[in-house]
Number of protein chains: 2
Amino acid sequence: MTRPALSRERVIDAALTLVDREGLESLSMRRLGQQLGVEAMSLYNHVSGKADILDGLAEAVLARLDVHLDPAVSWQDKIRALARSFRTAATSHPGAFTLVSARQLGSASGLRPIEAELLILHEAGFDAETSVHILRTFVAFVTGSLVRELTAEPVVSGIDPVARATRIEVLKAAGFSAIADAADHIAIVDHEAEYYFGVDLFITGLEAQLRG
Amino acid sequence: MTRPALSRERVIDAALTLVDREGLESLSMRRLGQQLGVEAMSLYNHVSGKADILDGLAEAVLARLDVHLDPAVSWQDKIRALARSFRTAATSHPGAFTLVSARQLGSASGLRPIEAELLILHEAGFDAETSVHILRTFVAFVTGSLVRELTAEPVVSGIDPVARATRIEVLKAAGFSAIADAADHIAIVDHEAEYYFGVDLFITGLEAQLRG
DNA sequence: ACCTGAACACCGTTCAAGT
DNA sequence: ACCTGAACACCGTTCAAGT
């Protein structure tokens, strides 16, 4: 039962498995070495350091992103499909996805979703320069939404009506009347619905911009 | 020359100063204690741990956010002004702002910008439930944009035309034709302009939604 | 070429001991 | 009530030594 030889790819793969299972904060060189049946120092023969592993994780997540789009559907539905791919990647790799938003992504894996999005925007009728601006807005919204979803606490299901009433009184007394009025809607968070509400608002903005 | 007594507020303030000056990664209990002329363990008398300090930093950044809005301007300009306040907070406290996007913000400092945004949306004509969805989209976009801006590498000013040409060839050969076509626009990043492009697209979407 | 032991300079946190 | 010394269980990384 000989172990396969170590390589950068095997190290990154093991890191992704570890992070998927136990979270980003439990990724350490020693822990990862242990996972691969090797001492921590051996990893330095295949990656330049921990930062390199984090870059590799971000790339690995993007590489697994499904950018295939049904050519028959509207550009609006293509944007929705791409947004859905991002959310699938985020929920499949919650620990590692955070890295995607924070790190620069120049590798080929990072370029695939960018190419896909630019093609959609070209089809919609935007010129190259405008498409780049829209692309950056899209990425900002998608990563901002998903990182927030991933770091959010699990939603509380049952709400004590007494606690609710006193909380609303406290908010009003503190001068937060708009929050008090919206308290019942703030208490409910359906992350998936929330995400697609934003995606649709984004698309609505694009449609209006095309018209005007 | 007696030092003022330690307190949670003094600890958080010192942490913010340290993070502003040397970045989030140089914040440690030992380093922070040193800054306050005290051993690291003393800090535990005033905060419950490092996580508590990070929460405090996020709150401190939000507490410094300017939510005053000129009542005379349109709701669109009010949204732009609030977005500008967020960006000012981000560039003033680049290290700590990252924490705002990742942490849950239930404190009063976190509620102020939320109240401001909900009031603007009410003025624009949205009902409470829709306003909450829009608010979450706004926060996702703003934090996503600003975190990306803060972690981006400094923009390269001069571009070697030869390197540019070969890079575009490589992109085309690798099947990234849309990226190749947009390469010149991708090379230029004016973070401020990019940010307000997104804000305006967001506003355009809201206007269209009000009409339809 | 790849792996390891020992070491360095750090971490966050606990706790008994001091004042 | 607050501060400290010593300790515990960790970190990432370097480097000479092994095979």
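In what follows, chains are A, B, ... by sequence order, proteins preceding strands, each numbered from 1.
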Does NE2 belonging to His185(B) count more than 12 external heavy atoms closer than 6.0 Å?
yes
DNA chain D: Ser48(A) or Ser26(A), which has the more 5' nearest nucleotide?
Ser26(A)
Only one of Val142(A), Val139(A), Leu135(A) passes side chain to side chain contact (heavy atoms under 4.5 Å, CB included) with Glu117(A), and that residue is Leu135(A)
State whether the number of non-hydrogen atoms from other residues, nucleotides or ligands found under 6.0 Å of Glu123(A) atom CD is greater than 12.
yes
Can you tell me the distance, in whole Å, between the CG atom of Leu27(A) and the P atom of dC10(D)?
16 Å
Which one is paired to dT14(C), where only Watson-Crick or G-U wobble pairs with both distances under 3.5 angstrom count?
dA6(D)
Measure from the side-chain heavy atoms of Met41(A) and tell me the nearest of dC3(D), dG12(D), dA6(C).
dA6(C)
dT13(D) P sits how many Å from Glu39(A) CD, rounded?
17 Å
Any idea which of dC11(D), dC15(D), dC11(C) is nearest the Arg30(B) side chain?
dC11(C)
Can you tell me, in whole Å, how much space there is between the P of dA9(D) and that of dA9(C)?
22 Å
Can you measure Lys50(B) atom NZ to dC11(C) atom P for me and round it to whole angstrom units?
8 Å
Does Ser42(A) reach a base, just sugar-phosphate, or nothing at all? Heavy atoms under 4.0 Å.
base
Provide the Watson-Crick or G-U wobble partner of dT19(C), both distances under 3.5 Å; none if there is no partner.
dA1(D)
At less than 4.0 Å, is any side-chain N or O atom of His46(A) found next to OP1 or OP2 of dC3(C)? Yes or no.
yes
Asp77(A) bridged to Arg80(A) by N-O distance under 4.0 Å
yes
Take atom CD of Glu25(B) and atom P of dC11(C), then tell me their distance rounded to the nearest Å.
12 Å
Presence of salt bridge, Arg64(A) and Asp13(A), under 4.0 angstrom:
yes
Quickly work out the Leu43(B) CG to dC3(D) P distance and round it to whole Å.
9 Å
Tell me the interatomic distance from Tyr44(B), atom OH, to dA7(D), atom P, rounded to whole angstroms.
18 Å
Distance, rounded to the nearest Å, where Met29(A) contributes CE and dA9(C) contributes P
20 Å
Among the nucleotides dT14(C), dC3(D), dG12(D), whichever has the atom closest to the side chain of Asn45(B) is dC3(D)
Mind calculating the distance between CG (Leu36(A)) and P (dT4(C)) to the nearest angstrom?
11 Å
